[in-house]
Amino acid sequence: MSKNIDWQNLGFSYIKTDLRYRSHWKDGEWDAGVLTEDNCVHISEGSTALHYGQQCFEGLKAYRQRDGSVALFRPDQNAARMQASCERLLMPTISTEQFIAACVQVVKANLDYLPPYGTGGALYLRPYMIGVGDNLGVRTAPEFLFSVFCVPVGAYFKGGLTPANFIVSPYDRAAPHGTGAAKVGGNYAASLLPGHLAKERGFADAIYLDPQTHTKIEEVGAANFFAITQDDRFVTPQSPSILPSITKFSLLQLARERLGLEVEEGDIYIDQLDRYKEAGACGTAAVITPIGGIQYGDHFHVFYSETEVGPVTRRLYDELIGIQFGDIAAPEGWLVRVE
Ligand SMILES: Cc1ncc(COP(=O)(O)O)c(C=O)c1O
């Protein structure tokens, strides 16, 4: 049954879809899990997720392929990252098998919401885990809830492949030995004010520098950063306080194997941006957003152009979305068929 959705004008907003997966952890094990129509969660007021931020989440997409099938993009990588987030916050882990099976069930149960091939949209999946159950002190929760829901989405940053401008924030989203590499809500709570201040000044989002020295670029809003050097190397920051982006690792591989570029994970100093001719933000939601310019103090640095996407960024984008929508052959294991 068609849901009467305007596929061309989808944004990144909550839409209640039909069914979501829920599984409950108690006494050391997860139950089999169920699909439910109820989009509200009823939990104890003492839940650790409410007071101590004991929760983590993921974000991945299902794509309608050119051949009509449906595929998830690298869900095993999201499962692995969620396991790492869980371990950092002393939560039980979800096996890769249960994680992928839950995602597959949710996509199958909500196929009417999957944007058609050619619209550029996708079904965004949001797995999350929260500490629940009666509790008061700072300790790990007695019970946990793992859930996956989905929402049809279009492009995250408005304007698609038109460049966006960003501003360097004086704030940090994560501490040097904190939880930056885990996908936990606290990092995002810390980013709300810097993001708001950036948008108030007309920028797409905030750029975060490394929290230890404030000299190197780490993240771009809720996306990783990459840049192309004047001599065509693909460079992306490496730091224990950035979220290990699955899109970023995919681009590292594609840049090397398909575009023939040298790639490097290393330092990108905020006062040496002249070394780069193109830059971009990458992530599941952001896909690849070309970066027009970066405001740092009084200085505004423009990379390729404020209005045009650079040629290397364009090729990376075409390769990535070509793979995601099944137009171009995917590296082994990247696409997991749903039906
Ligand atoms: C802070 C942050 N960095 C980077 C990313 C990009 O990661 P991925 O490519 O796995 O979506 C995200 C989105 O998940 C994010 O929230």
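One-based numbering, in listed order, for ligands and for the atoms of each. Since the structure is predicted, the reported quantities are computational estimates derived from the model, not experimental observations.
- Between Leu72 and Val338, some side-chain heavy-atom pair lies under the 4.5 Å cut-off.
- Neither the backbone nor the side chain of Gln77 has a heavy atom within less than 4.0 Å of ligand 1.
- Relative orientation of the Phe303 and Phe225 rings is tilted, given thresholds of 30° and 60° on the angle between their planes.
- In terms of polar-atom proximity, Lys248 is not counted as a contact of ligand 1, lacking any N or O under 3.5 Å from an N or O of the ligand.
- Counting all heavy atoms, side chain and backbone alike, Lys16 lies closest to Tyr113 at O-OH, 3.8 Å.
- Residues Ser239 and Lys216 form no side-chain contact, since every pair of their non-hydrogen atoms from C-beta on lies 4.5 Å or further apart.
- Closest heavy-atom approach to atom 14 (O) of ligand 1 among the candidates Lys183, Glu219, Glu218: Lys183.
- The option with the heavy atom closest to atom 5 (C) of ligand 1, from among Gly221, Ala222, Gly283, Gly180, is Ala222.
- On a distance-only criterion, Thr284 and ligand 1 share at least one N/O pair closer than 3.5 Å.
- For Glu262, the CD atom sits in a loose shell: 12 or fewer heavy atoms of surrounding residues, nucleotides or ligands are nearer than 6.0 Å.
- The backbone N or O of Ala175 sits nowhere less than 3.5 Å from a side-chain atom of Asp172 that would complete a donor-acceptor pair.
- The option from Gly59, Ser245, Ser250 that lies nearest to atom 7 (O) of ligand 1, judged by heavy atoms, is Ser245.
- In terms of modelled atom types and a separation under 3.5 Å, the side chain of Glu143 and the main chain of Asp27 share no donor-acceptor contact.
- Of the N or O atoms in Ile246, one or more lie within a sub-3.5 Å distance of an N or O in ligand 1.
- Contact annotation for Ala223 and ligand 1: only backbone heavy atoms (N, CA, C, O) come within less than 4.0 Å of the ligand.
- Note on ligand 1: Glu58 sits outside its first shell, no heavy atom being nearer than 4.0 Å.
- The backbone N or O of Val138 sits nowhere less than 3.5 Å from a side-chain atom of Gln54 that would complete a donor-acceptor pair.
- Listed by number with element, the atoms of ligand 1 under 4.0 angstrom from any heavy atom of Asn224 are 3 (N), 4 (C).
- For atom 16 (O) of ligand 1, the closest non-hydrogen atom on the protein side is Tyr188 OH, 2.5 Å.
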